[in-house]
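Below: one structure, written as structure tokens.
One-based numbering along the sequence shown. This one's a predicted model, so the numbers in the text were calculated from it and none came from an experiment.
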Amino acid sequence: MANKTNAQIKRELKSLATALHKAATKLENLMAAVEKPAAPAKKKSAAKKKAAPKKRAKRAPVTKKATAQKKAAPKKAAKAAPRNRVLVAIKKKKAGMKVADLAKSLKMNLKSVQNAVHRLKQQGLITNAQRGVYVAK
């Protein structure tokens with residue numbers, strides 16, 4: 001400590017004073033914030049004052065309920081699975097259908113129809129009548 005000059009000590013004191021002033025300002029703001037909710041609480045009974053912190057703890061679940069209500073909003077009708085749509089279309093045509101015709105009539109992606117036909121064939125629900133033509137069993 002003896003090695004410090006007067007100028008260094010003055011700088012340290014000044015920075016400490018500034019920090020102390022900032023802390024005092026924050027403390028005053030916090031005290032003002034605490035006093036504002038306390039004014040309406042004086043009108044309520046002592047039992048209700050104790051319930052106030054519990055309400056604050058329950059605020060997070062209220063938010064979750066609000067998001068749950070958004071999820072519970074009316075949904076659009078779910079589309080049928082591509083396999084079901086393809087199978088129904090093939091069953092309608094007794095002579096069978098080609099993959100390209102299925103994709104065009106169902107307004108689906110060709111790859112999606114190919115995948116659906118492959119799965120239906122694996123499940124044994126459709127067979128090949130000719131090369132590239134599929135019929136329902």
Side-chain angles (χ1 to χ4, degrees):
M1 289 232 163
N3 295 338
K4 290 185 179 182
T5 64
N6 286 340
Q8 290 174 334
I9 293 172
K10 284 182 182 179
R11 273 189 245 126
E12 287 182 17
L13 286 173
K14 195 171 190 178
S15 66
L16 285 172
T18 306
L20 183 62
H21 180 69
K22 287 181 182 178
T25 306
K26 284 183 180 180
L27 181 62
E28 287 173 2
N29 291 340
L30 289 171
M31 288 175 60
V34 169
E35 288 175 2
K36 286 181 183 178
K42 289 178 183 177
K43 295 176 184 176
K44 297 179 182 178
S45 66
K48 291 184 180 179
K49 285 182 183 179
K50 291 180 182 178
K54 290 181 182 177
K55 288 181 183 177
R56 289 180 185 163
K58 291 182 181 179
R59 285 185 184 170
V62 171
T63 304
K64 289 180 183 177
K65 288 180 183 176
T67 57
Q69 289 173 352
K70 289 179 184 176
K71 290 180 183 176
K75 295 181 180 179
K76 295 179 182 177
K79 290 185 178 179
R83 278 184 259 166
N84 293 339
R85 292 175 62 195
V86 169
L87 183 60
V88 168
I90 291 174
K91 283 183 179 179
K92 285 182 182 177
K93 298 281 184 170
K94 301 282 183 182
M97 290 186 78
K98 294 183 178 182
V99 175
D101 295 335
L102 282 167
K104 192 172 186 179
S105 67
L106 295 174
K107 296 179 182 175
M108 289 176 58
N109 186 352
L110 181 65
K111 188 65 176 174
S112 298
V113 175
Q114 288 173 339
N115 289 337
V117 166
H118 178 71
R119 294 288 172 107
L120 290 168
K121 192 172 175 185
Q122 282 182 332
Q123 293 173 351
L125 297 172
I126 61 173
T127 57
N128 285 59
Q130 299 172 357
R131 182 177 177 183
V133 178
Y134 298 93
V135 291
K137 283 189 173 181

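Counting non-hydrogen atoms of other residues, nucleotides and ligands closer than 6.0 Å to CG of Asn6 gives a total of 12 or fewer.
Under the 4.5 Å side-chain heavy-atom criterion for ILVMFWY residues, a single connected hydrophobic cluster contains both Leu106 and Leu125. Hydrophobic clustering (side-chain heavy atoms under 4.5 Å, transitive across Ile, Leu, Val, Met, Phe, Trp, Tyr) keeps Val135 apart from Val117. Tracing side-chain contacts under 4.5 Å through hydrophobic residues (I, L, V, M, F, W, Y), one reaches Leu110 starting from Met108; they form part of the same cluster.
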Under 3.5 Å donor-acceptor pairs involving side-chain atoms of residues 92-99, not counting sequence neighbours:
none

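Taking every heavy atom of both residues into account, Leu120 and Arg83 meet most closely at CD1-O, 3.6 Å. Heavy-atom minimum distance, Ala136 versus Lys91: CB-CG, 3.5 Å.
Summarising the geometry, atom NZ belonging to Lys107 is positioned 10.0 Å from atom CZ belonging to Arg85; distances are rounded to the nearest 0.5 Å. A distance of 9.5 Å separates OG in Ser105 from CD1 in Ile90, rounded to the nearest 0.5 Å.
For the residue pair Gln114 / His118, no side-chain donor-acceptor distance below 3.5 Å is found, with atom types taken as modelled.
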Exercise. Test side-chain contact (heavy atoms from CB on, under 4.5 Å) on Lys14 and Arg11 and set out the steps.
Key: CA-CA 5 Å; Lys14 195 171 190 178; Arg11 273 189 245 126; 5.7 Å; no

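Contacts of Lys121 classified as side-chain contact (heavy atoms from CB on, under 4.5 Å), with partners at least two apart in sequence or in another chain: Ile126, Asn128, Tyr134.
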